[in-house]
Amino acid sequence: MLGATLNLWIGSMASPRPNGPHFTRSFLLSLCCGLGLLAGCSDDDSGPTQPVPGSGDIAQGKETFRFDTFGDETFWTDTLRMHEVIQAAVSPQTALSVGLKVDADAVPPGVLETADLTDPATTVALLKLGAVVGLTGTVQTINGKETLTSVGITCALCHSTVNNSVAAGIGSRLDGWPNLDLDPGAIIALSPSLTSEQKAVYQSWGPGKYDARYNFDGRNDPALIPPAYGLSGVHSVTYTGDGDRIAYWNRYVAVTQMHGHGSLTEPRLGISVSNPPDMVESKLADLEAYQLSLASPAPPAGSYDAAAATRGQAVFAGAGQCAGCHVGSTFTDANTTLHQPSEIPTDPTHAERSATKMYRTTPLRALWQHAPYFHDGSAATLEDVVQRYDDAFGLGLSPAEKTDLIEYLKSL
């Protein structure tokens with residue numbers, strides 16, 4: 001009935017957005033199966049051109065980030081036929097269970113509270129409204145029935161979430177926030193085209209993790225989906241600093257992860273992908289401008305001890321030796337320095353598979369918001385992070401210093 005209600009409401013609109021996201025188990029499986037196929041380029045800034053820094057339009061970049069598929073419907077629809085799966089059997093409840101999100105602001109007031117989230121017709125209606133974060137769908141009336149005719153994915157799939165203002169997974173968009181509920185591996189593992197061994201690998205990833213190189217080198221080493229906010233002034237935007245512009249990673253994701261139409265070459269890893277006609281390059285400047293405009297979310301009021309944080313700042317700069325690498329207002333030396341894996345108390349595998357073979361210092365931004373920590377999520381809490389550095393470098397921090405340092409990190 002929600003589907004019917006939404007369809008009636010949609011019908012009264014003059015021109016609904018053609019790009020409406022969606023979700024389904026089978027669809028999800030292919031969705032991430034495709035993600036697995038795409039995932040694995042690199043992060044160099046090679047490409048036909050480089051957008052001029054500061055030349056992009058933020059408002060247009062927002063539209064691109066949220067709704068542009070770069071023509072990837074040719075993969076998700078024409079090749080994988082995911083629209084047929086969604087139409088036949090995928091409910092919003094299924095989509096929410098694997099971490100997909102619903103933009104409540106794209107739906108008429110009051111409708112979602114009484115919606116039947118077990119009905120696949122609701123999914124189709126939400127897609128027509130553009131209300132599924134990171135997924136787009138075209139819905140047409142065919143023989144009197146609302147029919148999903150195409151689907152695609154956007155940047156927001158992994159790098160946006162919602163504030164849960166209506167229910168878990170349903171609320172207003174939070175662009176740039178990593179969707180750490182999204183379980184790409186579980187989705188990919190639903191694919192009937194995978195072997196049992198491949199499914200076991202994907203199922204081992206867990207929520208919030210994705211391996212962007214597994215389809216290239218066959219090694220299982222997923223990394224956390226990173227935030228896309230707080231990047232102003234930061235040039236090396238990936239864990240290994242392979243590229244020195246957001247524009248590179250955007251090109252990489254659009255072409256190799258989303259299966260959009262464009263090209264990317266990474267000679268350091270022997271990767272070259274071309275999928276004409278180019279629907280990516282002209283949008284990179286705007287997309288980069290929007291991402292650079294996304295500020296890190298402030299810590300919630302009362303979420304840390306201000307007096308302890310002040311003391312912790314002194315530990316950060318002194319006994320904790322944090323400020324040696326986490327420098328300046330961005331809290332990273334990544335613009336000038338990359339570090340050998342031996343310098344970082346974490347697994348070296350991710351760096352070994354990269355173009356640089358090194359790690360960058362991760363900018364410290366909204367640490368309260370995106371636990372776990374390190375590229376592989378191997379530190380569940382900030383307490384774990386501090387203890388690991390204390391052990392690895394023999395800092396000899398007292399319990400009080402550790403507590404104060406943690407409060408300072410929570411304030412960033």
Distance from [X] atom [atom1] to [Y] atom [atom2], nearest 0.5 Å?
| X | Y | atom1 | atom2 | answer |
| --- | --- | --- | --- | --- |
| Asp181 | Thr161 | CG | OG1 | 6.0 Å |
| Asp404 | Lys402 | CG | NZ | 12.5 Å |
| Ile344 | Thr361 | CD1 | OG1 | 6.0 Å |
| Asn179 | Leu157 | CG | CG | 7.5 Å |
| Leu397 | Thr403 | CG | OG1 | 10.5 Å |
| Leu292 | Ser232 | CG | OG | 5.5 Å |

For the backbone of [Y] and the side chain of [X], can you confirm whether one donor and one acceptor N or O come within less than 3.5 Å of each other?
| X | Y | answer |
| --- | --- | --- |
| Thr114 | Val111 | yes |
| Trp177 | Gln369 | no |
| Thr356 | Thr240 | yes |
| Glu73 | Gly152 | no |
| His235 | Asn335 | no |
| Ser204 | Val201 | yes |
| Tyr373 | Asp384 | no |
| Gln313 | Thr310 | no |
| Thr79 | Thr74 | yes |
| Asp103 | Val133 | no |

Pairing donors with acceptors under 3.5 angstrom, does anything connect the side chains of [X] and [Y]?
| X | Y | answer |
| --- | --- | --- |
| Glu383 | Thr381 | yes |
| Gln291 | Asn250 | yes |
| Gln140 | Thr147 | no |

Heavy-atom pair with the smallest gap, counting every atom of [X] and [Y]:
| X | Y | value |
| --- | --- | --- |
| Gly230 | Val234 | O-CG2, 4.2 Å |
| Pro92 | Leu117 | CD-O, 3.2 Å |
| Trp205 | Asn220 | NE1-OD1, 2.8 Å |
| Met358 | Pro341 | CA-CD, 4.4 Å |
| Ala168 | Leu96 | O-CD2, 4.2 Å |
| Tyr359 | Thr349 | OH-N, 4.1 Å |

Check step by step if salt bridge (Lys or Arg N to Asp or Glu O under 4.0 Å) holds for Asp347 and Arg353.
CA-CA 12 Å; Asp347 192 311; Arg353 302 168 70 204; over 6 Å; no
Take Ser150 and Thr138, measure what side-chain hydrogen bond (donor to acceptor under 3.5 Å, both in side chains) needs, and give me the verdict at the end.
CA-CA 5 Å; Ser150 73; Thr138 298; 3.2 Å; yes
In terms of relative ring orientation, are His350 and His375 parallel, tilted or perpendicular, with 30° and 60° separating the classes?
parallel
Cation-pi, Phe374 ring and Arg388 (6.0 angstrom, 45 degrees):
yes
Could you check whether Asp221 pairs with Arg213 (Lys NZ or Arg NE/NH1/NH2 to Asp/Glu carboxylate O, under 4.0 Å)?
no
Asp175 and Lys62: salt bridge (Lys or Arg N to Asp or Glu O under 4.0 Å), yes or no, with the steps?
CA-CA 9 Å; Asp175 284 349; Lys62 180 178 181 179; 5.8 Å; no
side-chain hydrogen bond (donor to acceptor under 3.5 Å, both in side chains), that's the test. Do Ser97 and Thr94 meet it? Break it down for me.
CA-CA 5 Å; Ser97 73; Thr94 297; 5.4 Å; no
Can the ring centroids of Tyr202 and Tyr214 be said to lie less than 6.0 angstrom from one another?
yes
Within the 6.0 Å centroid threshold, strictly below: His159 and Tyr229
no
Any salt bridge (charged side-chain N to carboxylate O under 4.0 Å, His left out) pairs touching residues 357-382, not counting sequence neighbours?
none
Under the rule for side chain to side chain donor-acceptor pair (under 3.5 Å), what residues qualify as partners of Lys410, not counting sequence neighbours?
Glu407
Can you list the residues that meet the side chain to side chain donor-acceptor pair (under 3.5 Å) rule with Asp72, with sequence neighbours excluded?
none
I'd like to check the salt bridge (Lys or Arg N to Asp or Glu O under 4.0 Å) partners of Arg81; sequence neighbours left out, ordered by chain and number.
Glu84
Under the side-chain contact (heavy atoms from CB on, under 4.5 Å) test against Leu367, which residue among Val385, Ile406, Thr362, Leu382 passes?
Leu382
Ring pair (Phe, Tyr, Trp, His ring centres under 6.0 Å) against Phe70, all qualifying residues, sequence neighbours excluded
none
Provide the full list of ring pair (Phe, Tyr, Trp, His ring centres under 6.0 Å) pairs with a residue in residues 265-296, sequence neighbours left out, each pair given once.
Phe65-Tyr290
Begin from the C-alpha positions of Glu352 and Arg219 and carry the test salt bridge (Lys or Arg N to Asp or Glu O under 4.0 Å) through to its verdict.
CA-CA 11 Å; Glu352 293 168 354; Arg219 300 175 68 180; 3.6 Å; yes
How far apart are the C-alpha atoms of Asp119 and Thr122, what are their side-chain angles, what is the distance that settles it, and do they pass the side-chain hydrogen bond (donor to acceptor under 3.5 Å, both in side chains) test?
CA-CA 5 Å; Asp119 187 352; Thr122 300; 4.5 Å; no
Do Leu182 and Leu100 touch side chain to side chain, with heavy atoms closer than 4.5 Å?
yes
